Amino acid sequence: MQILVINSGSSSLKYQVRDTQAEEVLLEGLIERIGQAEGGAASNPVTDHAAALELVGAALGELRIDAVGHRVVHGGERFSEPVLIDHEVTRAIERLNPLAPLHNPANVLGIRAISAKWPELPQVAVFDTAFHRTLPEYAWRYAIPAELYERHGIRRYGFHGTSHEFVSRQAADFLGLPGQSFDGVVAHLGNGASVTAIKAGLSIDTSMGFTPLEGLVMGTRSGDLDPSILVFLGRQGYSAEQIDDLLNRESGLLALSGSNDMRSVVEAAGSGQQAAQLALAVASYRLAKYIGAYHVAVGGMKALVFTAGIGENSAEFRALVVAKLAALGLVLDSAANAVRSKAARLISAVDSAIPVLVVPTDEERAIAEATAGLVSRLS
Ligand code: AMP
């Protein structure tokens, strides 16, 4: 099947056309600055998602499309697997907007724009939260009054699920294990970052919670902090919007080092800049603590897996994290860790108690396969 994969952000739209049999990317592109008339291409601004879809349509030319797969960030408690989209499903995704105000509205705009342009084309939603549907309640509950969960849906959901699921299957394959007997810890380290505890192939805990803010130190997000800080800031006169901006867009590596790009942080640390060294120490320490905790949660991991932009490319950051896990008997092979490759690979030493892997993620491929699978089962 030929699947158009859409990852629609508030001001951007990423697309790929994949042939799921040949496992091939036929076309890909990124449309940016949607709705921002003052953006770069001022002569031809992309006014909205419908206009962006016109550009995608032009790029497709004569290419046949059998179905569309959308990355949808928040599936709430209802969506625990990919679903065929109809009006009711679109409205249900829209009702989750308050839980993911930056993401779900854009996803809905993408879905509606496709329905308007190609009404006959089957569309499938693949949810970032879905893989975490198997979290036990003791892992997803916050210790706050039940009413907040019942009335507002305040609980831990987890994100990056498509990537964690794909990467954990690839890691199990690499180790020659059946997926359902894989116990491991997967660290998805991109601009957003999360780590997941996988037991018998299922997610049993993950570092992101109610929103993608909880957990690790990220490019511009703080990750875990004492919630009283928010109350304190509120009392100091910060508005909800200011606190939201502060924690989501002005924190993390950016706040600690002045850059949200791991390459620059590593470079600056290497040239002796203390703020950058501190940023790496805070981020790697936070991640190592989570990995130690998840090693316990899964009853002993059979592998530690790194993925996404930083996980796949930053040998320096991986080395910092693994060095902090020496108590678990983890040892890197520094030559293997330094290898640059697009393939899944082992980077631990032969005497490491637990193998450490780098496994490239491919969310578009996972979305295309889930979409093709669902559409062919239904037709
Ligand atoms: P992603 O969100 O998965 O695209 O990952 C983005 C992050 O990956 C950014 O922090 C980049 O700095 C980081 N990254 C990409 N390439 C490299 C590299 N060669 N070395 C270190 N970090 C990298």
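Treat the numbers as computed from the prediction; the structure is a model and nothing was measured. We're numbering straight along the sequence, starting at 1. Whatever order the structure lists them in is the order used to number ligands and atoms, beginning at 1.
- For the residue pair H164 and S194, a side-chain donor N or O sits within less than 3.5 Å of a side-chain acceptor on the partner.
- Annotation for ligand 1: atoms under 4.0 Å from non-hydrogen atoms of N260 are 10 (O).
- Taking only non-hydrogen atoms, the option from T220, D261, N313 nearest to atom 11 (C) of ligand 1 is D261.
- The existence of a salt bridge linking K117 and E54 is confirmed by a sub-4.0 Å separation between a basic side-chain nitrogen and an acidic carboxylate oxygen.
- Shortest contact from atom 7 (C) of ligand 1 to any protein heavy atom: I310 CG1, 3.7 Å.
- Ligand-side atoms of ligand 1 in range of R340: 19 (N), range being under 4.0 angstrom from any heavy atom.
- A salt bridge between R345 and D333 is absent, with no side-chain N of the basic residue lying under 4.0 Å from a carboxylate O of the acidic one.
- Using a 3.5 Å distance cut-off with no hydrogens or angles, the side chains of R71 and N107 do not pair a donor with an acceptor.
- Ranking the protein heavy atoms by distance from atom 3 (O) of ligand 1 puts G309 N, 2.9 Å first.
- Considering both main-chain and side-chain atoms, M262 comes within under 3.5 Å of ligand 1 through a nitrogen or oxygen pair.
- Checking only distances, N191 does come within under 3.5 Å of ligand 1, N or O to N or O.
- Between D261 and S259, the side chains place no donor N or O within less than 3.5 Å of an acceptor N or O (distance only, hydrogens not considered).
- For atom 21 (C) of ligand 1, the choice among H160, R263, R318 with the nearest heavy atom turns out to be R263.
- Of the residues listed (Y157, F210, Y149), the one engaging W140 in a ring pair (Phe, Tyr, Trp, His ring centres under 6.0 Å) is Y149, and it is the only one.
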